[in-house]
Amino acid sequence: VQLVESGGGLVQVGGSLRLSCAASGFTFSIWNMAWYRQAPGKQREFVAYISRTGYGTNYTDSVKGRFTVSRDNAKNTMYLQMNSLKPEDTALYYCHCITPNYWGQGTEVTVSS
């Protein structure tokens with residue numbers, strides 16, 4: 001089982017990034033998925049949720065209207081489009097397969113002001 005995040009990097013305030021989470025070793029399409037993040041010195045927090053079909057989504061209040069979660073079950077991949085980035089979005093972003101409780105290793109996002 002693997003969840004591999006990519007797409008992180010350094011971006012200026014107001015910029016955009018698109019994170020990807022590539023899944024392998026399990027049946028990706030039958031599980032609900034989520035993105036979490038952990039900022040330096042803080043606890044890991046929920047960012048976004050997407051149902052197994054992709055039709056159901058949910059976001060933490062601080063990213064609503066700026067982030068969009070999506071998935072392509074044919075490619076076993078989940079995405080997080082992040083727009084209008086703020087310094088407080090700086091964190092290590094993790095991909096999470098909810099029920100089996102699988103986690104990726106994370107991809108780092110740094111937003112500079």
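Residue numbers run from 1 in the order of the sequence given.
Shown here for Met78 and Cys95, the closest heavy-atom pair between the two residues is CE-SG, 3.6 Å. Considering all non-hydrogen atoms of both residues, Leu3 and Ala23 come closest at CD2-CB, 3.6 Å. Contact detail for Gly25 and Val1: the closest heavy-atom pair is O-CG2, 3.8 Å. Nearest approach of Leu80 to Ala48, heavy atoms of both residues: CD1-CB, 4.2 Å.
With His96 as the partner, the ring-ring contact (aromatic ring centres under 6.0 Å, His included) test is satisfied by one option alone out of Tyr49, Trp35, Trp31, Tyr36: Tyr36.
The main-chain N or O of Asn32 is never found under 3.5 Å from a side-chain atom of Arg71 such that the two would form a donor-acceptor pair. No donor-acceptor distance shorter than 3.5 angstrom exists from the side chain of Glu5 to the backbone of Thr107, with no hydrogens or angles considered. With hydrogens and angles disregarded, no donor-acceptor distance shorter than 3.5 Å links the side chain of Thr77 to the backbone of Ala22.
Between Trp103 and Tyr94, the two ring planes are perpendicular [angle over 60°; tilted spans 30° to 60°].
Centroid-to-centroid, the aromatic rings of Tyr59 and Phe67 stay 6.0 Å apart or farther.
To the nearest 0.5 Å, the span separating OG on Ser62 from CZ on Arg37 amounts to 4.5 Å. Distance check: Thr99 OG1 to Met33 CE gives 11.0 Å after rounding to the nearest 0.5 Å. Distance check, rounded to the nearest 0.5 Å: CG of Asn58 to CZ of Phe46 gives 5.0 Å. Taking OG of Ser16 as the reference point, atom CZ of Arg66 lies at 10.0 Å (rounded to 0.5 Å). To the nearest 0.5 Å, the span separating OG on Ser113 from CG on Leu85 amounts to 13.0 Å. Here the SG atom belonging to Cys21 is positioned 15.0 Å from the OH atom belonging to Tyr93, to the nearest 0.5 angstrom.
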Query - Met82/Leu19 under side chain to side chain contact (heavy atoms under 4.5 Å, CB included): CA gap, chis, key distance, verdict - result: CA-CA 8 Å; Met82 306 187 297; Leu19 306 184; 3.8 Å; yes
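Counting non-hydrogen atoms of neighbouring residues, nucleotides and ligands closer than 6.0 angstrom, the CD atom of Gln38 exceeds 12 such neighbours. Few gaps surround CD on Gln81; more than 12 heavy atoms of other groups in view lie less than 6.0 Å from it. Heavy atoms from other residues, nucleotides or ligands lying under 6.0 Å from CD of Glu88 number more than 12.
Clustering ILVMFWY residues whenever any of their side-chain heavy atoms sit less than 4.5 angstrom apart, transitively, puts Phe28 in the very cluster that holds Tyr102. The cluster map of Ile, Leu, Val, Met, Phe, Trp and Tyr, joined by side-chain heavy atoms under 4.5 Å apart, puts Ile30 and Val69 in the same cluster.
Taking a cutoff of 4.0 Å between a charged side-chain nitrogen and a carboxylate oxygen, Lys64 and Asp61 qualify as a salt bridge.
Counting heavy atoms from C-beta on, the side chains of Phe26 and Pro100 never come closer than 4.5 Å.
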